[in-house]
2 protein chains.
Amino acid sequence: MSKTYTVLNELLVELFNDILMIEQQALRSKDFNDLSITEIHTIEAIGMYGDKTMSEVAEKLNITVGTLTVAVNNLEKKGYVERRRSEEDRRIVYVHLTNKGKLAYRMHEKFHSAMINEVVEGLTDEEEKILISSLEKLNNFFKQRLKKIGGDV
Amino acid sequence: MSKTYTVLNELLVELFNDILMIEQQALRSKDFNDLSITEIHTIEAIGMYGDKTMSEVAEKLNITVGTLTVAVNNLEKKGYVERRRSEEDRRIVYVHLTNKGKLAYRMHEKFHSAMINEVVEGLTDEEEKILISSLEKLNNFFKQRLKKIGGDV
DNA sequence: CCTCAATATTTTGATTATCAAATATTTTTA
DNA sequence: TAAAAATATTTGATAATCAAAATATTGAGG
């Protein structure tokens, strides 16, 4: 038990650190090296299809709308996203990806799929199942935690 | 294959988002609410036992020593860590946790162990082994990636 | 139709984390 | 011993973030 704990803990901690670093480095070396991780995640949250309001995107990213405003200003300046004021309700601002933004989106998606593919490739069916169910458990644990301490606010 | 990909990808993405949020919220609600996540991780990297040099800690955290200097200044001000100049080589600065720092360390450790318990609970010994080896594979994959794109620099 | 509260966003001011480059000190090496 | 290397700190700049204030618009009640 105690040994399992130590091993698992170290594995998980390392995993998180590595993924963060890899995403960062993947960005630096490729095209789109004028994008930070945060910006890629903003692009991800805006998504490929249709427009999203500022509030929707901010909620998805768990940041304030003020923070998002700044982020979108910069992304707009660099040509990855565009704003559009709603005609029906002129308080609302919609954002969507430009073609350049969509390219960046796909690139990041590709990185993710390469990562997953390579992981799954090395696993047997049994290992695959265990991995998925363990990650699900981990996820449930976190969801519960989030509810307890105050949820999405 | 395609289904596994989607499931795993979603699980991993959710997991990262949740963990970041939870760590943040856990800190806010508890004692030690004058600590940021980054600061807790610095405390974690300094560790319970003995002294570590600034360079060692910075390397562990993958940040520059300059960044760490600032972080340690603040942690010292708040009473979580202490500095000590080496007598043998006066260029070197050692840092270690104060009692308050050790308390914070243990609190964070507790959070981690609750997390691990949740995962391991319900697994047979056999499954436990498989989980560990799966995560090790995942880890190896990332390490390889890191080497390929440029390593620790 | 006017006013007031609510909603959506932006702006502002402050803080934290970060890096690279410059500086300071000490040790090692040639 | 003078130059080079190693260790840490300081400085100046940038990005991400929040809370609070400001702006613009809508909708509801009288």
Side-chain angles (χ1 to χ4, degrees), chain A residues 17 20-21 23-25 27-28 33-46 51-78 80-96 150 152-153, chain B residues 17 20-21 23-25 27-28 33-46 51-78 80-96 150 152-153:
Chain A
N17 288 339
L20 281 179
M21 278 191 53
E23 284 205 315
Q24 216 152 17
Q25 294 188 327
L27 280 177
R28 253 185 238 141
N33 61 356
D34 63 341
L35 287 176
S36 67
I37 293 187
T38 308
E39 288 177 320
I40 271 281
H41 287 157
T42 305
I43 286 174
E44 213 178 3
I46 293 171
D51 293 277
K52 290 218 167 55
T53 70
M54 293 296 284
S55 300
E56 283 168 356
V57 176
E59 172 157 30
K60 196 161 185 179
L61 291 169
N62 290 307
I63 59 178
T64 64
V65 188
T67 300
L68 183 63
T69 295
V70 178
V72 168
N73 287 345
N74 292 324
L75 284 174
E76 205 172 22
K77 223 175 288 165
K78 297 190 209 164
Y80 289 97
V81 310
E82 276 167 1
R83 276 180 168 95
R84 179 175 73 77
R85 194 120 222 158
S86 164
E87 291 305 328
E88 312 88 60
D89 183 341
R90 299 194 45 71
R91 292 169 299 182
I92 293 178
V93 170
Y94 290 112
V95 279
H96 64 265
D152 276 339
V153 186
Chain B
N17 289 337
L20 283 178
M21 276 190 55
E23 286 204 313
Q24 216 151 17
Q25 293 187 328
L27 281 177
R28 255 185 236 141
N33 61 356
D34 62 341
L35 287 176
S36 68
I37 295 186
T38 309
E39 287 177 322
I40 272 281
H41 287 158
T42 305
I43 287 175
E44 210 179 7
I46 293 171
D51 294 276
K52 289 217 168 57
T53 70
M54 293 295 285
S55 300
E56 282 169 356
V57 176
E59 171 155 31
K60 197 162 184 178
L61 291 169
N62 289 309
I63 58 178
T64 64
V65 188
T67 300
L68 183 64
T69 294
V70 177
V72 168
N73 287 345
N74 293 324
L75 284 174
E76 204 171 24
K77 224 175 288 164
K78 298 191 210 165
Y80 289 97
V81 310
E82 275 167 2
R83 276 180 168 96
R84 179 175 74 74
R85 194 118 222 160
S86 163
E87 291 304 330
E88 313 87 61
D89 183 341
R90 299 194 45 72
R91 290 169 302 181
I92 293 179
V93 170
Y94 289 112
V95 279
H96 64 265
D152 277 339
V153 186

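No hydrogens, no waters, no symmetry mates; every other heavy atom, side chains included, goes into these values.
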Enter the distance from B:Glu44:CD to B:Ile37:CD1 here, rounded to the nearest 0.5 Å.
->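 CD1 of B:Ile37 is found 11.5 Å from CD of B:Glu44.
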
What distance do A:Arg83 atom CZ and A:Met54 atom CE have between them, rounded to the nearest 0.5 Å?
->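 Rounded to the nearest 0.5 Å, the CZ-CE separation comes out at 5.0 Å.
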
Return the value, rounded to whole Å, for the distance between atom [atom1] of [X] and atom [atom2] of [N].
| X | N | atom1 | atom2 | value |
| --- | --- | --- | --- | --- |
| A:Leu61 | D:dT17 | CG | C1' | 13 Å |
| B:Ile37 | D:dT17 | CD1 | P | 12 Å |
| B:Lys77 | D:dT9 | NZ | P | 13 Å |
| A:Glu39 | D:dT14 | CD | P | 15 Å |
| A:Glu88 | D:dG27 | CD | C1' | 16 Å |
| B:Arg91 | D:dA5 | CZ | P | 13 Å |
| B:Met54 | D:dA6 | CE | C1' | 15 Å |

Looking at [X] and [Y], what are the two nearest heavy atoms and their distance?
| X | Y | result |
| --- | --- | --- |
| A:Glu76 | A:Val81 | CG-O, 3.4 Å |
| A:Lys78 | A:Asp34 | NZ-O, 2.6 Å |
| B:Ile46 | B:Val95 | CG2-O, 3.9 Å |
| A:Leu61 | A:His41 | CD2-O, 3.6 Å |

Leading and trailing nucleotides of DNA chain C with any atom under 4.0 Å from heavy atoms of chain B =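 Going 5' to 3' along DNA chain C, contacts run C:dA17 to C:dT27.
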
Is A:Arg85 reaching over with its side chain to a backbone N or O of A:Arg91, donor-acceptor style, under 3.5 angstrom?
->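 Yes; judged by distance alone, with no hydrogens or angles, the pair exists.
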
How far apart are the C-alpha atoms of A:Val57 and A:Ile63, what are their side-chain angles, what is the distance that settles it, and do they pass the side-chain contact (heavy atoms from CB on, under 4.5 Å) test?
-> CA-CA 9 Å; A:Val57 176; A:Ile63 59 178; over 6 Å; no

B:Glu56 near the nucleic acid: base, sugar-phosphate alone, or nothing, with a heavy-atom cut-off under 4.0 Å?
-> nothing

May I ask you to list the residues of residues 63-72 of chain B, by number, that have any heavy atom positioned under 4.0 Å from an atom of DNA chain D?
-> B:Val65, B:Gly66, B:Thr69

Apply side chain to side chain contact (heavy atoms under 4.5 Å, CB included) to B:Thr64 and list each qualifying residue two or more places apart in sequence or on a separate chain.
-> B:Thr67

